[in-house]
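All remarks here apply to the structure that follows.
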Amino acid sequence: MSDPFEFSENTPEAHPESVPASGPEAEPKASGPVTGGAMAAGDPPYLAMLNPEQREAAGTLDGAVLVLAGAGTGKTRVLVTRLTHILMSRRAFPGQILAVTFTNKAAREMMERVGNLLGGGAEGLWLGTFHSISARILRAHAEMLGLKSNFTILDTDDQHRLLRQVMEAENVDYKKWPPRALNAIIQRWKDRGLTPDKVTPSEASEFASGKALNLYRLYQSRLKTLNACDFGDLLLHNLTLFTKHPDVLADYQRRFKYILVDEYQDTNVSQYLWLRLLAQGGSNVCCVGDDDQSIYGWRGAEVGNILRFEKDFPGAHIVRLERNYRSTPQILAAASGLIAHNEGRLGKTLWTEGDDGEKVRVTGVWDGDAEARDVAETIEAIQRGGTSLNEIAVLVRTGSQTRSFEERFITCAIPYRVIGGPRFYERKEIRDAVAYFRVIAQPDDDLAFERIINTPRRGLGNTTLQVAHVLARAEGTSLVSACGALIGSDDIRPQARTALARVLEDFSRWRAQAQNMNPSELAEIVLDESGYAGMWQNDKSVEAPGRLENLKELVSALEDFESLDSFLEHVSLVMEHEDNTGTDMVNIMTLHGAKGLEFDVVFLPGWEEGLFPHQRAMDEQGAAGLEEERRLAYVGLTRARKLAYISFAANRRLYNQWNSAIPSRFIEELPKDHVEVDVSKGLYGGSPPEERQKKYGGGGSGGSAHGQGYGGKRRSKPSSKKEDAGSMVAATPDGLTKGSRVFHQKFGYGRVQGVEGNKLDISFDKAGRKKVMASFVNPA
DNA sequence: ACTGCGCCAGTTTTT
DNA sequence: CTGGCGCAGT
C-alpha cells in the first residue's frame, strides 16, 4: 500500500510540537505516570482497569519486557492497552510502532481493539503478521536482493511444482523423493535463517542421496528468475537485506521505537533474528508468550527463544500473568495437572476465583460414530439448557476428524461451521482464476502461466509447453516471452501457433484494461473472455455449479480491492475464509486452529494413543514431540470456560481399516480429583483409569508399552453390542422410496438411492451422496 | 492432444 | 476411499 519510506511524514522531526524529543538516544525519561504495577494516582483509566501484573506489563514502557502470559490471563488485553498507552502518552507516533502477530486474525483483532480503546488515530501502525510486514519491507527494497518489487509470493502448490521441475532437471526421481518432503527440508532451513551458503554440508540430510542442498540452491535461483518468493523467503530476504545493507537496517531501527510481539513462543529462528536485528537499535521491546502453549515446533518454532529472552535483553523486565479469567477452577486444575507432566517449563501457577464448576468429563465410546453421536446428544442437551451454539466447540487433533461430526450434526440438524477447513483460495477454480490475474499482473509468472495455458483446453498441450520451456531456458527468459517468440517460428504446429497468439493477445489486452478498470470488472471480463467461466458452465458434473458460485464470490471479493496487486498480496498472505460468525452454530476446528479462542463448552474427542498424541509427532520428534502434543492438549482444555468433555473410542477407522485403540496417556495424566469418568456408555464400566489401563494393556506413561497405539487391524466394522437404536427417531410417514425426489434444508434437492430403516441414502444434486435421517427431508 | 484406466500412496498441525 | 500420476489407446 504505502511506501514504508515516507519517514518524514511520521517522524518527530516533522512534528516538533507533538513530541518532546527525537531519536532513540534522546528518548525522554518516562513522562507517563506509570512504570510499574502499583496503582498510581493519575493512572489513565485504561490502565486502571487492569490487574497489577497486567498493569506492570502494559505500563512499563522503557526497556525490554517479557510477559509470560498463561492461558486466559488477558495477554491480548495487555498488548492492546500497552499499545494504546504508548500512543496516548505521546511517546511515539503510530508509524513508529511495530506490532507483530502470527495470524491475520490476531492482527485484525488487535487493530480493532486498539481502535476501540483509542477511538481513532491508529492509522500508520505497523501492525501485521511476520509475513505481511516482512513482505512490505521486502517490496520496498526488492531490487537490493535481485527481485522486482512486484515479486510473486508462491503458495505451497507452486512450491511443489517448482521443486519438481528442479528435481526433474537434476534427474532426481521425484516419485521416490517427494517434492513436498524436500520442501519441508528447505522450509526448515529457512526457518532457521539458513540461506544455501549457510547450510553446513554435514546437514545435507539423507534426501535424494544428499542432493537436498544442491536442489535448494537451484530452487533459490529459479525463484529469483521467476521474481518470486516462498513464505520462508520473506523473512530470509529481510535478514539478508538487513545484514548486507546496514544503512537500511539502521533506518528501520530508528523508525521503530516500540516493538510488540504476540505469541513469542511460536517464533522460529529467522523471526527471532529479524526481531533482534530490528530491536538492537534501542527499541523498547515487549514480547508476550506462553511456553506451555508452544505448539508449532514442527514448523520451526523455537521455545528456546522465550527462554533466552533475558540473555538477549539484559535487565529485561519479566512479568508473569497467572490470574486466569477464563476457566473454572476444576478445568484449570485439570489442565495444570496435565501440563505438569512436561519437563523444561518456565513454570507458572495459574489461579482463578469463583465457583469450582464441573469436573472435566471423560467418556469412552465404542467407535468414532458413537463418539459423534454422543457429542451431538450432549450438545442438544446443553442447548436446551440455554447455551448458544456459538459458545460450543469441538476441537479435533486432525482435520480428517471433522467429517464424522459434520455428518452427525447434519443428521441431527445441528448447525455447525468448520473453521480452517478447506480454504477458499485453495480451491481449484479459485487458483485457476487467480493464476490468470497473476499473469496479468506479472507476465514473468511462469508457474501461473503454466497452470492456465491450457485451461480451458485450447490445444496447447505438453508438446508445446516443452518446446516453450526449452526455449525459455536457452534464452534465459520467461515462458511468456518464449511463447511470444514461438508464434513467429515454426517450431510448433500452426494450430498451436494461432492458439498461442490468441492467448497472448488476450493477456496483453487485459493488461491494458487493468490500468483503467477496477479489479472486479476486470475479473469478470477475464473469466468470460478466457472461456474459463464457460468451461464450468458446460461442465455437467455435480460440483460445477458450486465452482461457478465460488467464482462469482471471487469477483465480488475483488470489489474490496483497489488494484490487482493488492488483491494478489491478500491472496498469498491472508489465506482465509470469512467466517459467518453472525449465525448461531457449533464450531468445529483443529486444536491448532483453536489457539487464542475460548468457548463455554469444549469437546475434545479422539484422545487415543496414536491419534492424540499423534504417532507421527512421536516418531519424528520423540520426547519433544510428545511434550508438544501434551501442550496441545493443554491448549485444548484451557479453551473451555465452563465445561470440558474428553472422549476416546475403542475402535476407529483409518483409511479404510478399523483399528482398535487404547485411551490416550493424557487421560491417565489428568488429575483424578478434577475428572469425572462417564460410565453410562457401558464401556470401561466404572473402572478407574488405573484399572482400565491394565485391562487394555497400556503401560506407564512414556513407556514403550504404549507401543503403536492402534492395535489390531480389521477390514470390517467391529460389531457393537449395543445398537444405536436409542438415538433413532421413528421413521417418517412420508412414504419415501427409492427414486423419490426430496429436499433437504442443507443439501438442497436430491434423489433417494436407497432406504435403510429410517435412514435414506440420497444422491444430492449439489452436495453429493449422503445418508440422512428420513425426518430431515421433505418430498420435493 | 485428449481420454480413460489402473496403480500407488497418503493424511498433523499452517503463515 | 480418494486423488494424483503414468501409461496406453484414440
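In the text below, chain A, chain B and the rest are named by the order of the sequence lines, each starting its count at 1.
- A straight line from CZ of A:Arg630 to C1' of B:dT13 spans 18 Å, rounded to a whole angstrom.
- Neither side chain, A:Ser664 nor A:Glu608, offers a donor N or O lying under 3.5 Å from an acceptor on the other.
- Side-chain proximity of A:Thr590 to the nucleotides B:dT15, B:dT13, B:dA1 is greatest for B:dT13.
- Both A:Arg493 and A:Leu632 lie near DNA chain B, and the one whose nearest nucleotide falls closer to the 5' end is A:Arg493.
- For A:Asn454, a side-chain nitrogen or oxygen approaches OP1 or OP2 of B:dC2 to under 4.0 Å.
- Within the nucleic acid shown, A:Gly399 comes within 4.0 Å of sugar-phosphate atoms alone, with no base atom in reach, counting heavy atoms only.
- Using a 4.0 Å cut-off between charged side-chain N and carboxylate O, A:Lys75 and A:Asp262 make a salt bridge.
- Ion pairing between A:Arg631 and A:Glu628 holds under the 4.0 Å rule for side-chain N and carboxylate O.
- Between the C1' atom of B:dT13 and the CD atom of A:Gln293 lies a distance of 15 Å, rounded to the nearest Å.
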What string of B, S and - do you get for nucleotides 2-10 of chain C, 5' to 3', when a contact is any protein heavy atom under 4.0 Å?
---SS----
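- A 4.5 Å side-chain heavy-atom check between A:Phe231 and A:Gln159 finds at least one atom pair inside the cut-off.
- At the heavy-atom level, A:Gln401 lies nowhere under 4.0 Å from the strands shown.
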Between protein and nucleic acid, restricted to nucleotides 5-11 of chain B and to nitrogen or oxygen atoms under 3.5 Å apart, what atom pairs and distances do you find?
from	atom 1	to	atom 2	distance (Å)
B:dT11	OP1	A:Arg180	NH1	3.0

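- Consecutive pairing runs in DNA chain B reach the stem threshold at B:1-10 with C:1-10, where a stem means at least three Watson-Crick or G-U wobble pairs with distances under 3.5 Å.
- Between A:Leu241 and A:Leu145 there is a side-chain heavy-atom pair separated by less than 4.5 Å.
- At a threshold of 4.0 Å, the pair A:Asp158-A:Arg161 counts as salt-bridged, since one of the basic side-chain nitrogens sits closer than that to a carboxylate oxygen.
- Close placement of the A:Phe612 and A:Trp607 rings is indicated, their centers lying within 6.0 Å of each other.
- When heavy atoms are screened at a 4.0 angstrom cut-off, A:Tyr296 is found touching the sugar-phosphate backbone but no base atom.
- For A:Glu629 and B:dT12, the CD to C1' distance is 8 Å, given to the nearest whole Å.
- Remark: P of B:dT13 and CD1 of A:Ile295 are 12 Å apart, rounded to the nearest angstrom.
- Between the side chains of A:Asn150 and A:Asp565, no donor N or O sits under 3.5 Å from an acceptor N or O.
- Taking atom CG on A:Asp619 and atom P on B:dT13, their separation rounds to 16 Å, with Å as the unit.
- The listed nucleotides are B:dT12, B:dT15, B:dT14; the one nearest the side chain of A:Arg397 is B:dT12.
- Residue A:Arg457 has its side chain nearest to B:dT3 when only B:dT3, B:dT13, B:dT15 are considered.
- Residue-level contact check: A:Thr463 touches the backbone only, with heavy atoms under 4.0 Å from sugar-phosphate atoms and none from bases.
- Salt-bridge check for A:Asp432 with A:Arg427: failed, with every basic side-chain N at 4.0 Å or more from each acidic carboxylate O.
- Within the nucleic acid shown, A:Thr464 comes within 4.0 Å of sugar-phosphate atoms alone, with no base atom in reach, counting heavy atoms only.
- A straight line from CG of A:Leu460 to P of B:dA1 spans 8 Å, rounded to a whole angstrom.
- Atom NZ of A:Lys595 and atom P of B:dT15 are 12 Å apart (whole Å).
- A centroid separation of 6.0 Å or more is found between the aromatic rings of A:Phe405 and A:Tyr416.
- Under the 3.5 Å distance criterion, with hydrogens and angles disregarded, a donor-acceptor pair is assigned to the side chains of A:Arg417 and A:Asn587.
- Around atom CD of A:Gln466, more than 12 heavy atoms belonging to other residues, nucleotides or ligands sit under 6.0 Å away.
- Mapped onto DNA chain B by nearest heavy atom, A:Ala496 and A:Glu628 fall at different nucleotides, with A:Ala496 at the one closer to the 5' end.
- Applying the 3.5 Å distance criterion, the base of B:dT12 shares no donor-acceptor pair with the side chain of A:Trp298.
- A salt bridge between A:Arg451 and A:Asp157 is present, with a side-chain N of the basic residue lying under 4.0 Å from a carboxylate O of the acidic one.
- Distance A:Glu263 CD to B:dT14 P: 14 Å, rounded to the nearest Å.
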